[in-house]
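Lettering of chains follows the sequences in order, A, B, ..., and the numbering in each one begins at 1.
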Amino acid sequence: MTKRLGLIALLALAVSLVLPGMAFGQEEAIDPAALDLELDNLWIMVACALVFLMQAGFLLLEIGFSRQKNVGTGVAKILVNLAVITIAWWAIGYGINSASGNEIIGTSGFFFRFDQTIGEGADAFNVAGADAMGMLFGLAFAAVSLAIVWGTTLERIKFSAYALFAVVFGALIYPIVAHSVWSGIGLLDDIGGKEVLDFAGSSVVHLTGATAAFAALLLLGARRGKYGPDGKPRAIPGHSMPLVGLGVMILWIGWFGFNAGSALATDDVFFAEVALNTQLGAAGGVLGASLAIWMMTRTLDVGMAGNGAIAGLVGITAGCGYVEYWAAPIIGLVAGVLVVYGVVLFEKYLDDPVGALSAHGLAGIWGTIAVGIFGSARLVGEAASPGVWYGIFGDADLGASLGQLGVQAVGVAAIFAFVLVTSLAAFAAIKATVGLRVSEEDEMAGLDIASHGMYGYPEAFIPQEEYPSGDHTPAVAGTPVAMPAKAAGKA
Amino acid sequence: MTKRLGLIALLALAVSLVLPGMAFGQEEAIDPAALDLELDNLWIMVACALVFLMQAGFLLLEIGFSRQKNVGTGVAKILVNLAVITIAWWAIGYGINSASGNEIIGTSGFFFRFDQTIGEGADAFNVAGADAMGMLFGLAFAAVSLAIVWGTTLERIKFSAYALFAVVFGALIYPIVAHSVWSGIGLLDDIGGKEVLDFAGSSVVHLTGATAAFAALLLLGARRGKYGPDGKPRAIPGHSMPLVGLGVMILWIGWFGFNAGSALATDDVFFAEVALNTQLGAAGGVLGASLAIWMMTRTLDVGMAGNGAIAGLVGITAGCGYVEYWAAPIIGLVAGVLVVYGVVLFEKYLDDPVGALSAHGLAGIWGTIAVGIFGSARLVGEAASPGVWYGIFGDADLGASLGQLGVQAVGVAAIFAFVLVTSLAAFAAIKATVGLRVSEEDEMAGLDIASHGMYGYPEAFIPQEEYPSGDHTPAVAGTPVAMPAKAAGKA
Amino acid sequence: MTKRLGLIALLALAVSLVLPGMAFGQEEAIDPAALDLELDNLWIMVACALVFLMQAGFLLLEIGFSRQKNVGTGVAKILVNLAVITIAWWAIGYGINSASGNEIIGTSGFFFRFDQTIGEGADAFNVAGADAMGMLFGLAFAAVSLAIVWGTTLERIKFSAYALFAVVFGALIYPIVAHSVWSGIGLLDDIGGKEVLDFAGSSVVHLTGATAAFAALLLLGARRGKYGPDGKPRAIPGHSMPLVGLGVMILWIGWFGFNAGSALATDDVFFAEVALNTQLGAAGGVLGASLAIWMMTRTLDVGMAGNGAIAGLVGITAGCGYVEYWAAPIIGLVAGVLVVYGVVLFEKYLDDPVGALSAHGLAGIWGTIAVGIFGSARLVGEAASPGVWYGIFGDADLGASLGQLGVQAVGVAAIFAFVLVTSLAAFAAIKATVGLRVSEEDEMAGLDIASHGMYGYPEAFIPQEEYPSGDHTPAVAGTPVAMPAKAAGKA
Amino acid sequence: MKKIEAFIRHEAFEPIRAELLDKGFPSLSISEVKGSGRQKGVVEHYRGSTLTVNVRPKMKLECVVDDKDKGVVVETILKHARTGDVGDGKIFVIPVEEAVRIRTGEDGEAVLQAHEEEEIPA
Amino acid sequence: MKKIEAFIRHEAFEPIRAELLDKGFPSLSISEVKGSGRQKGVVEHYRGSTLTVNVRPKMKLECVVDDKDKGVVVETILKHARTGDVGDGKIFVIPVEEAVRIRTGEDGEAVLQAHEEEEIPA
Amino acid sequence: MKKIEAFIRHEAFEPIRAELLDKGFPSLSISEVKGSGRQKGVVEHYRGSTLTVNVRPKMKLECVVDDKDKGVVVETILKHARTGDVGDGKIFVIPVEEAVRIRTGEDGEAVLQAHEEEEIPA
Ligand SMILES: Nc1ncnc2c1ncn2[C@@H]1O[C@H](COP(=O)(O)OP(=O)(O)O)[C@@H](O)[C@H]1O
Ligand SMILES: Nc1ncnc2c1ncn2[C@@H]1O[C@H](COP(=O)(O)OP(=O)(O)O)[C@@H](O)[C@H]1O
Ligand SMILES: Nc1ncnc2c1ncn2[C@@H]1O[C@H](COP(=O)(O)OP(=O)(O)O)[C@@H](O)[C@H]1O
């Protein structure tokens with residue numbers, strides 16, 4: 001089937017035919033509508049790759065904020081998590097999240113397969129290529145939400161908890177949230193005639209992840225040594241800001257796919273407006289956090305600048321398709337300031353090594369609320385109202401605007417409450433059965449050696465002299481090489 | 001020519017004209033067929049960037065699995081390799097691989113240039129933009145195959161071997177394999193009326209690379225100290241699982257380009273089906289490898305989880321365009337289990353630091369065979385038969401299915417034999433002339449300092465006190481700064 | 001508004017309608033011209049993401065070439081820089097650079113907003129989605145240029161200088177350069193009837209950045225200890241070639257967006273020709289630098305191979321849309337040789353830790369000049385002449401070719417002079433006010449601890465025993481866990 | 001003067017340091033060592049192979065004190081470093097013949113641990 | 001009691017450790033040092049510049065033993081650390097006045113190397 | 001024989017090494033340590049929290065010399081390591097009873113610092 005080069009040749013042929021503007025026979029006629037569909041889905045594919053790339057960003061962020069003895073487990077975790085949620089989403093999650101069924105859950109699309117019928121009646125459709133694209137894009141978002149969960153749990157959680165919670169979260173918790181906001185028929189789609197506006201998921205993805213992270217933390221407790229005998233928190237610095245920085249940059253780039261990809265189409269090049277808002281939001285976040293931490297400590301904490309970027313991005317995620325450019329840096333700025341105060345405040349009681357509660361939780365809440373403030377009439381659509389800003393300074397109806405603000409708040413509250421309860425239940429069940437936290441000895445030794453049999457930086461922990469020169473070369477047919485080792489080498 | 005902003009303005013103008021749906025004059029008419037060609041090639045361009053990104057993944061994987069004294073050489077290698085194969089492919093390789101000439105080799109397209117005629121007779125075409133795209137995409141694949149070669153050779157191979165073998169591999173070995181399967185006129189395209197099915201290259205790219213890696217290893221022997229006096233293998237742990245993990249994630253994302261890009265078109269959004277299969281296969285690989293190693297050692301080896309992801313991806317590479325979604329995780333799972341047993345088994349005799357023989361070799365073979373098992377009637381096309389699964393459980397003709405399975409096996413065997421023989425010849429020639437392995441002293445000291453004059457982590461190996469404070473600032477016109485060094489600084 | 005899955009379902013519906021080739025009602029008719037615009041902008045969006053990814057490449061390059069005590073500041077810098085230039089570009093830079101106003105500066109497009117009118121008279125247009133795309137793409141280029149500036153300043157510059165210069169550079173210096181070459185109405189667009197050819201910015205972006213880097217260096221002076229009491233330079237090796245290598249690979253991949261994206265359209269798949277030239281140029285650069293350094297020191301310096309790749313890419317950047325394939329590796333090769341000699345020569349007087357002066361400056365100049373040598377008649381367009389090569393060996397008019405060469409030289413000289421003067425002024429102002437260089441104590445201690453309160457590799461510098469086991473778990477409602485610490489743990 | 005060299009677990013250091021400081025012995029040095037002793041090596045896993053690591057990370061504490069202060073320093077170390085499990089380490093006492101404070105050039109026992117008031121963090 | 005301090009090549013350590021263990025001396029400590037001696041520095045290259053590194057990585061082995069055991073330990077080190085090339089290093093013997101086993105608090109020569117049966121890897 | 005152990009600032013090492021080499025003392029070893037003394041710890045910031053680091057990086061220099069050479073080595077160290085600021089460190093002199101050159105097996109003071117002509121960088 002795939003004749004790579006033959007096809008290219010054919011294409012070339014085609015181009016030479018096309019360029020002179022020759023007419024085509026009927027059977028070769030290309031329908032612009034098909035092209036439009038392909039174009040939209042090509043954009044989603046690109047966005048999808050960018051969103052999956054974010055996994056690498058989360059990986060690096062977590063590793064960088066961990067101590068050296070706990071870095072390998074992050075690698076194993078991200079791989080196993082991504083694998084588990086892929087299967088969970090394919091089998092169940094996508095169906096629950098799909099635009100079928102009732103306002104609570106979708107009811108078709110399980111064990112996703114080609115030509116499967118999804119939905120009922122007039123809305124029903126049979127799965128084709130574009131649906132595979134949508135399904136994969138949905139998975140990428142679910143995986144981001146799941147990745148956020150673990151930021152609070154570093155350096156002490158049992159590995160099995162990752163896999164187990166990933167099943168519940170990917171099959172049920174996240175899909176139900178996504179269904180409620182994005183399916184077009186969900187609970188949060190019609191609150192007194194208004195819908196909750198969350199363009200790319202400040203709440204659906206980020207708050208959801210952060211809330212589950214909160215639930216995990218409540219049941220897990222702080223790392224040994226995080227709080228002194230006086231109850232005061234102590235800094236437990238991670239081991240690598242370069243990895244944190246690379247992670248943040250990767251997340252930033254991935255976010256173009258996350259937000260602008262959520263336009264789900266290339267129509268009117270609207271995705272570019274979303275992308276620009278995203279960039280402006282991120283910029284605001286960095287500046288907000290940098291200024292806040294500098295004013296607080298007279299020093300520019302590197303990790304906080306990174307958290308600021310992420311908070312800016314999370315903050316603009318709900319509004320990136322609904323606000324004008326001028327509002328984006330403001331939203332980001334506030335998110336950046338929030339993340340600093342959030343981290344410093346939460347730190348007093350909650351041990352959140354990467355700052356997920358603030359960067360994804362607080363900023364996610366703020367971002368969703370901010371749509372109720374800055375949502376532009378041009379963009380929010382018919383089922384929603386412009387933000388209160390326009391109600392006060394513009395010509396929008398202030399009552400309706402306040403209504404929308406309320407709806408946004410209800411959306412946030414509903415998602416927070418739902419995810420908190422279900423996640424607490426899930427983690428409590430894990431804790432009661434296989435256990436949630438490693439033993440004290442394992443925590444001290446580090447998760448890498450305890451759960452994975454080897455340090456994540458093996459050579460740094462294992463002395464080099466453990467590999468003395470050997471003079472044995474195994475006899476393999478065809479191996480004419482014998483490396484006679486000299487009596488002793490020289491360094 | 002390039003008036004970036006002028007053009008943008010023009011585009012904007014165009015959009016404002018277009019949106020109202022106004023009719024265009026004749027000379028501005030845009031042919032949908034041209035758009036279709038551009039759309040397909042845009043997708044290939046995107047995929048191409050993703051596949052080139054995989055070089056970074058291979059780099060990180062190799063570095064992470066190496067000891068600290070051998071990390072810089074990996075960087076130099078990937079750069080030189082990519083450079084050499086680019087030139088080799090441009091001058092010769094692309095021509096050999098092109099859909100021209102006979103069943104063994106292509107005979108036109110050397111020193112690739114614009115408007116050059118490739119092929120003969122009715123199939124001949126003149127090189128235009130889309131052909132440059134195909135040529136570059138082919139190069140990206142060749143470069144992946146070459147990158148796989150070196151996984152077995154780490155920490156002891158001479159640098160010159162990289163460059164020399166890259167020429168032979170990029171100009172001859174890989175192009176001949178690619179020509180045989182993908183040119184539409186190659187040897188493996190018609191085996192008793194059936195073609196070998198290898199959608200994106202489980203065999204063409206991965207098995208080819210792994211087989212050359214095997215050849216290199218046979219002539220190179222094990223690292224000093226890998227086998228104890230008792231002949232038993234000893235673990236020589238690499239130095240950084242975070243780098244390995246990042247490498248795996250980058251490869252995973254790159255694979256969307258590798259596999260889905262091999263659709264070479266956006267038609268019917270088929271690429272999305274391929275991408276979904278890829279994701280499912282990778283997930284299966286991680287789970288298979290994780291479970292296998294855990295059952296074997298009661299501990300979840302981080303590197304093995306990574307190898308599992310790669311094996312799953314390699315395994316699904318042949319079938320990603322030919323199997324239904326349900327089969328993908330199964331193919332990946334088997335590949336993941338295989339890679340664990342392969343690594344542990346091979347380890348007894350062969351010193352393969354990254355596990356390339358298993359992850360690319362075994363999984364590549366399995367993936368190609370698996371198309372003969374799970375190939376779906378809907379997808380395999382007319383020149384091939386569905387897999388034996390459908391012969392047994394479905395309504396496909398079992399005889400034809402078994403025939404296809406045989407054809408797949410023949411394809412694997414032919415590629416393995418051809419690459420092994422030619423690679424052994426090439427490496428033997430290198431060994432006989434410039435030599436293949438560094439001296440024992442150099443191996444002990446590390447390749448970085450021995451071949452590159454400096455450690456890959458310079459500061460870690462060179463004491464800081466070697467840079468005492470100097471009080472000299474060179475006199476450069478315009479440099480008003482003199483930094484008078486205090487008598488002694490304070491740390 | 002965004003009904004992710006509903007929309008997907010709709011698309012699926014559409015596809016099922018489309019595939020049979022059914023006619024559409026009038027209101028659904030899709031205009032190919034709209035598709036064309038979307039297609040072009042989708043490509044720019046992809047390219048834009050790739051160009052932003054280059055920030056991660058620059059980050060890694062700088063970090064890798066720094067000592068461990070100065071790595072965190074690079075992270076904070078890249079984030080703050082990107083944030084500041086985003087705002088500066090949005091507010092002012094884009095307007096200055098826009099195709100409006102006079103030959104020196106653009107005069108509209110400030111505080112970029114939807115529907116804003118940019119330009120005057122017949123050329124005026126109102127900002128829509130595609131303009132947001134162009135604006136963001138321009139920002140990505142400005143950010144690359146800014147990132148280049150800091151390569152010479154590592155390990156001793158004050159953090160505030162980053163933010164302050166970013167404002168000036170992003171709002172004025174870079175936009176004026178870009179306006180002069182790319183706006184279609186700029187000063188360098190008509191030099192005696194010929195335009196300066198710089199397809200993607202060898203001069204506009206890279207030389208501009210490198211010249212500002214030169215200005216910074218002149219006012220900053222060398223790092224302590226760089227020059228011995230005898231005035232001879234001493235190597236101050238960076239700390240991680242793996243990070244450098246990853247940075248180079250990321251830049252390489254990002255360059256596909258940088259160069260091929262500068263085609264700004266998908267027409268005739270011309271972007272693929274540009275991409276292929278880019279790859280060939282990079283290959284030439286690696287080979288040129290590797291051979292040059294090997295001949296000089298008989299050892300293959302890893303960093304130089306990386307610099308070679310970058311020099312090859314910078315070198316081909318001006319010509320990637322104007323030269324034939326055969327010329328690309330030659331341009332790259334020369335750039336690669338230049339970078340080695342440049343680094344070694346400059347090193348005698350100028351302390352440029354990453355080699356930015358050579359890799360972006362020298363190679364940028366060479367690349368721009370090279371268009372005057374190798375520019376192909378097929379590609380240079382009407383407002384320019386083919387290169388002297390074609391004047392000598394081909395049938396181009398030698399006089400006109402020499403004229404074009406002169407125009408290229410004038411372009412280089414003008415940009416160098418303008419950027420040098422303005423940057424010197426800006427840095428001098430910074431130096432006179434907040435200061436440009438950290439204190440000697442801070443330089444010795446490292447910028448991380450001095451400016452950011454913490455090392456970039458915290459754990460490596462802070463002894464582990466500083467985190468003794470604590471037995472306090474804060475009382476949080478809902479935290480049923482008490483982790484009773486054993487009297488003493490065991491390692 | 002005596003140099004007290006102790007090979008201890010990492011986690012023991014901070015309490016020792018704090019108490020020594022309290023007791024008027026602020027001056028000491030530590031370094032990373034690896035050791036073998038009664039505590040056996042560990043068998044680790046890497047890619048399915050095993051690896052026996054025969055030495056374990058420990059911390060070496062060095063503290064030079066006046067002869068008369070030896071006892072209290074040894075006591076303090078013992079107090080905090082002792083878990084009762086194998087691997088607690090050892091303390092050795094080594095004679096020191098001379099001590100010089102580099103800053104001032106003065107020598108003798110006075111330089112060892114005494115702290116005056118005007119100390120500044122520099 | 002004597003402390004034997006040896007500066008050796010890295011690759012010499014494992015055979016020494018193994019033989020000392022065999023001979024009943026399981027207890028020792030190692031650390032990373034850099035040294036200069038008869039073996040000269042190396043000239044390295046970085047981006048076309050040269051860099052003279054005047055010290056080379058070595059390993060320092062410390063082993064405190066009973067006076068009477070000094071000889072056998074020195075012999076064992078010599079046996080494995082000697083390649084005959086410059087850079088082999090040196091062995092120094094330093095008097096130790098006291099030794100305490102932290103785990104038990106007991107002191108004297110008994111604590112140095114003796115191993116009982118009930119040792120466990122902990 | 002004496003072992004001179006000095007805890008110094010990193011930047012002091014290179015001039016010391018150079019002058020000792022000039023004066024005929026090429027052999028020495030250095031290692032990384034962390035120390036506390038008169039120089040106080042530093043308070044650092046991380047994500048808005050503070051962290052007191054009580055020990056600071058120092059370098060430990062070890063050099064075994066003949067009794068009669070002790071003075072000149074101590075002088076040389078003092079000369080370069082002294083900035084007059086708190087944190088300059090200390091020098092200790094410890095008796096050494098025996099010294100063996102591993103390469104040749106010869107012992108005694110001859111092995112300490114003497115350098116013959118035929119030295120090669122190996
Ligand atoms: N005789 C010795 N010489 C040098 N170091 C020693 C000696 N005995 C113990 N050590 C150091 O102390 C550490 C712990 O010793 P170990 O024998 O396991 O403790 P214990 O016997 O008190 O349980 C060792 O890892 C080693 O670093
Ligand atoms: N007198 C000394 N004091 C401290 N360390 C020494 C001394 N002599 C040698 N060393 C250590 O031993 C290492 C090897 O010494 P070297 O003189 O090169 O060996 P040899 O003379 O036996 O060939 C040095 O790098 C240093 O670490
Ligand atoms: N008595 C001691 N025992 C061990 N190490 C010491 C001792 N005194 C000083 N040091 C080492 O010397 C370093 C500097 O000592 P410090 O007291 O700050 O210097 P000074 O008093 O000369 O200004 C310390 O960080 C520590 O490593």
Side-chain angles (χ1 to χ4, degrees), chain B residues 1-9 11-15 18 24 30 32 35 38-39 41-42 46 49 52-53 55-56 59 63 71-72 75-76 79-80 83 86-87 112-113 129-130 132-133 136 452-454 456-459 467-470 472-474 476 478-479 481 483 486 489-491, chain C residues 31-37 39 43 46 67-68 98-99 125 128 130-131 134 182-184 199 218 221-222 224-225 227-229 231 236-237 239-242 245-246 249 253 256 262 264 266 268-270 272-273 275-276 279 283 286-287 290 299-300 302 305 309 325 329 349 381 440-441 444:
Chain B
M1 262 291 278
T2 311
K3 300 291 143 58
R4 167 163 301 121
L5 298 152
L7 183 50
I8 294 287
L11 295 179
L13 210 72
V15 89
V18 164
F24 270 76
I30 287 168
L35 287 182
E38 291 171 25
L39 189 56
N41 278 282
L42 176 53
V46 170
F52 274 120
L53 188 61
Q55 295 291 324
L59 171 66
I63 287 181
V71 299
V75 174
L79 294 172
V80 169
T86 297
I87 304 299
F112 189 81
R113 64 184 182 280
M133 194 67 259
L136 192 62
H452 303 283
M454 180 53 59
Y457 291 115
E459 212 191 347
Y467 324 121
S469 49
H472 171 83
T473 307
V476 170
T479 309
V481 183
M483 292 296 302
K486 253 189 53 182
K490 283 161 249 168
Chain C
D31 189 322
L35 287 183
D36 193 34
L37 180 80
L39 189 55
W43 170 225
V46 169
R67 283 166 294 173
Q68 297 182 44
S98 75
F125 63 93
D131 306 293
W182 286 338
S183 70
F199 193 80
L218 290 180
R224 268 178 71 93
Y227 296 94
I236 302 185
H239 85 289
S240 174
M241 290 307 114
L246 178 60
M249 282 312 305
I253 274 79
F256 286 122
S262 291
L264 294 176
T266 61
D268 301 346
V269 196
F270 178 61
E273 303 189 37
L276 180 51
Q279 176 71 13
V286 171
L287 295 180
S290 299
T299 195
L300 174 47
V302 175
Y325 303 135
Y349 314 101
E440 212 179 320
E441 280 76 14
M444 298 247 343

Over all atoms of both residues, closest heavy-atom pair of [X] and [Y]:
X        : Y        : value
C:Gly245 : B:Val75  : CA-CG1, 3.4 Å
C:Ile253 : B:Phe52  : CD1-O, 3.6 Å
B:Ala132 : C:Leu276 : CB-CD2, 4.1 Å
C:Pro32  : B:Leu35  : O-CD1, 3.5 Å
B:Gly129 : C:Ala272 : O-CB, 3.3 Å
C:Ala33  : B:Ile30  : CA-CD1, 3.6 Å

Do any N or O atoms from the side chain of B:His452 and from the backbone of C:Leu300 form a donor-acceptor pair under 3.5 angstrom?
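Checking the backbone N and O of C:Leu300 against the side chain of B:His452, a donor-acceptor pair under 3.5 Å is found.
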If I measure from the heavy atoms of chain B, does C:Ser240 come under 4.5 Å with its side chain, its backbone, both, or neither?
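For C:Ser240, heavy atoms of backbone and side chain both lie under 4.5 Å from chain B.
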C:Met249 vs B:Leu53 side-chain heavy atoms within contact, under 4.5 Å
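Contact flag for C:Met249/B:Leu53 side chains = no.
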Within a strict 4.5 Å, meaning less than it, do heavy atoms of the B:Asn41 and C:Thr266 side chains meet?
no
Apply side-chain contact (heavy atoms from CB on, under 4.5 Å) to C:Asp36 and B:Glu38, showing your working.
CA-CA 9 Å; C:Asp36 193 34; B:Glu38 291 171 25; 3.9 Å; yes
Top residue by heavy-atom pair count (under 4.5 Å) with chain C, among B:Val71, B:Ile87, B:Thr86?
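When all of B:Val71, B:Ile87, B:Thr86 are compared, B:Thr86 has the most.
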Proximal component of B:Leu59, with respect to chain C [non-hydrogen, under 4.5 Å]:
side chain
Residue B:Leu39 versus chain C: region with a heavy atom under 4.5 Å
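Both parts, heavy atoms under 4.5 Å.
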